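See structure below.
Within every chain, numbering begins at 1; the chains are lettered A, B, ... in the order of the sequence lines, protein sequences first and strands thereafter. None of these values were measured; they are calculated from a predicted model.
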Amino acid sequence: MTIMIDTGNYIAAKAAVMARPQVVAAYPITPQTTLVEGIANYVANGEYKGEYICVESEHSAMAACIGASETGSRTFTATSSHGLLLMHEMLHWASLARLPIVMCNINRVIGPGWNIWTDENDSIAQRDTGWIQFYCSSNQEIFDTIIQSFKIAEHEKIVLPVMINYNAFILSHTSMPADIPTQKEIDDFLPPFKPHWKLDVNNPVTHGNIIGTAYYEHIRKGMQDAQDHAKKIIKDVAKEWERQFGRHHGDLIEYYHCDDAEYILISTGAIGAESKAAINNLRKEGIKIGLARLRVFRPFPEEEIRKLAKQSELIVIDRNISIGSNGAFYNEIKSALYGVSDTKVTGFIAGLGGKDVPYHDIETMCKKAIKSKKVNNSQIWFGFDGGE
Amino acid sequence: MSQTDLVEIVIHGRGGQGSVTAANLLVSAALKDGNKGLQAFPIFGAERRGAPVRAFARISENEIHLRSEIYSPDIVIVQDESIMDLVDVLKGLKDDGKILINTRKSPKDFPFSKKYNVATVDATSIALKYDITVGGIPVVNTPILGAVPKILSKVTLPSIQKTVMEKWKGTAGEKNVKATQEAFDTVEVDT
């Protein structure tokens, strides 16, 4: 193992290449650009020997990945923001066709107003496409999750695409150290992809043909069953990774000081890491608070959330907003608790448009939530009137 | 701050002066000195050549949880003295903070040396002396790094020099190593 200090994007490029995908198809967009540039460098220096396809749009990037995956190739791509939105139709296609494509999405704001910084509205808008969704909080976690994701996506009980999300600039362009296993260690953990079906010119069959009402629901049900299986398999893969490499970033959730917690903060991504600093400070003040960093949004960790609600009041920070409703994470958490728990849940909207969310702001949010008498304070816009 | 040994550094420079490279080299050197928590990042956004820019570094012996910007640095490094007319480089600097300036002047020449620990090094002359230039313009980011171990015990000169040699092979590396040595030897530290 060697330690590489580099940006989230370059570390993602390293992971992608070490997973040995036969095909990478991508189109550059800020702030994902240096990731695909990194892979292009590995093509230039001979380290990546697969097929690297430069396409003319993100829609084409996903279409090329779909075609490649259908022929039984391990396939990787990356995008961000408007690029992800342009892919939307193809994202559905990939998951309905049960293709284990792995993609990094660098969470970036949607315009207008034009903004290249981070929030999660791009990937939240893809919530219902059937993709498994991870949210990372460090460069090491990005590396580890990319390798793990191929194993999860290709697992015989899953066979669904996986999206690995991480914050624009805060992670994509920040250098941090990451332990990089040897190629042999990665190969041992992640053997070559054995496709469950593939297009084969010698044995022609038809896929994606018209399908009647009697069968279509089976396809959807099959995807749902796969996501349900993923809840266990994500845990198993995280454990296997820990056994082999000694690192565990959590499975569906990373727990931090939750055991005796009367209050639990739920956050994700870079805010999830920053939250640990806030928890440390609040604990010093004698507040029994813990952190549940949501690492996986699809499949949604309902059971885990219910368990947390049994012991603690919940505080949720969403770096996204489902306009006309609430933060996406808040809504899913409330939905999971319906009829099971009436614990207090306070929701904050913070950090949209890349606005910095430092630990002292997180501490302020937590204290405000603890003080609040309202049982369902669904949407406090932090930094606006009434939100400090 | 949530961890006591964390050191937060802001590097001020002009676009094209290699402030981000300096931050990256610094944390790479810090890794060699046994620090595990490391971050180097630019100001997030578009940069223009010549305009004032900032780069940031965090160094700790332990994993760093913070992902936010640096608001109250322990150390400020100024690569271009003229920036001090445009930017309040002391903004947020901790009361016991240190500031390292590329200048011909001495620490005592800066009025704020009464409040802060000031260190000065003539990195521009060192860069010119060792012909570390791009298009005739001196590149001060590596020379100034040589002065850092005098104000930050977490990073040693040999680690900085090893990092420089990894980044630039051959003569370019040797010139940069000599420059860091001279900066280390000539930096004036106000005590």
Item to complete: Look only at the side chain of B:Arg67 and the backbone of A:Ile170, and say whether a donor-acceptor pair between them is shorter than 3.5 Å.
Response: no
Worksheet item: More than 12 non-hydrogen atoms from neighbouring residues, nucleotides or ligands closer than 6.0 Å to CZ on A:Arg283, yes or no?
Response: yes
Worksheet item: With a 4.5 angstrom heavy-atom cut-off, which part of B:Leu31 approaches chain A: side chain, backbone, both or neither?
Response: side chain
Discussion item. Would you say NZ of B:Lys169 has more than 12 non-hydrogen atoms from neighbouring residues, nucleotides or ligands within 6.0 angstrom?
Written reply: yes
Worksheet, complete the sentence: Heaviest contributor of heavy-atom pairs below 4.5 Å to chain A, chosen from B:Gly37, B:Ala40, B:Ser28, B:Ala23, is B:Ala40
Response to the item:
Answer key: most heavy-atom pairs under 4.5 Å with chain B among A:Pro358, A:Ser275, A:Gly272 is A:Pro358
Practice prompt. Kindly check if the number of other-residue, nucleotide or ligand heavy atoms within 6.0 Å of NZ (B:Lys178) is above 12?
Written response: no
Worksheet, complete the sentence: Taken to the nearest 0.5 Å, the spacing of A:Ile279 CD1 from B:His65 NE2 works out to 10.5 Å
Discussion item. How long is the straight-line distance from OG1 of A:Thr7 back to CG of B:Asn24, given to the nearest 0.5 Å?
Written reply: 8.5 Å
Discussion item. Atom CG of residue position A:Asp259 - does it have more than 12 heavy atoms of other residues, nucleotides or ligands inside 6.0 Å?
Written reply: no
Worksheet item: Distance from B:Ile64 atom CD1 to A:Thr174 atom OG1, nearest 0.5 Å?
Response: 11.0 Å
Worksheet item: Tell me, side chain or backbone of A:Ser138 under 4.5 Å from chain B's heavy atoms, or both, or neither?
Response: both
Discussion item. Measuring from atom NZ of A:Lys276 to atom CD of B:Glu63, what distance do you get when rounded to the nearest 0.5 angstrom?
Written reply: 5.5 Å
Worksheet item: Looking only at side chains, do B:Ser68 and A:Glu274 share a donor and an acceptor under 3.5 Å apart?
Response: yes
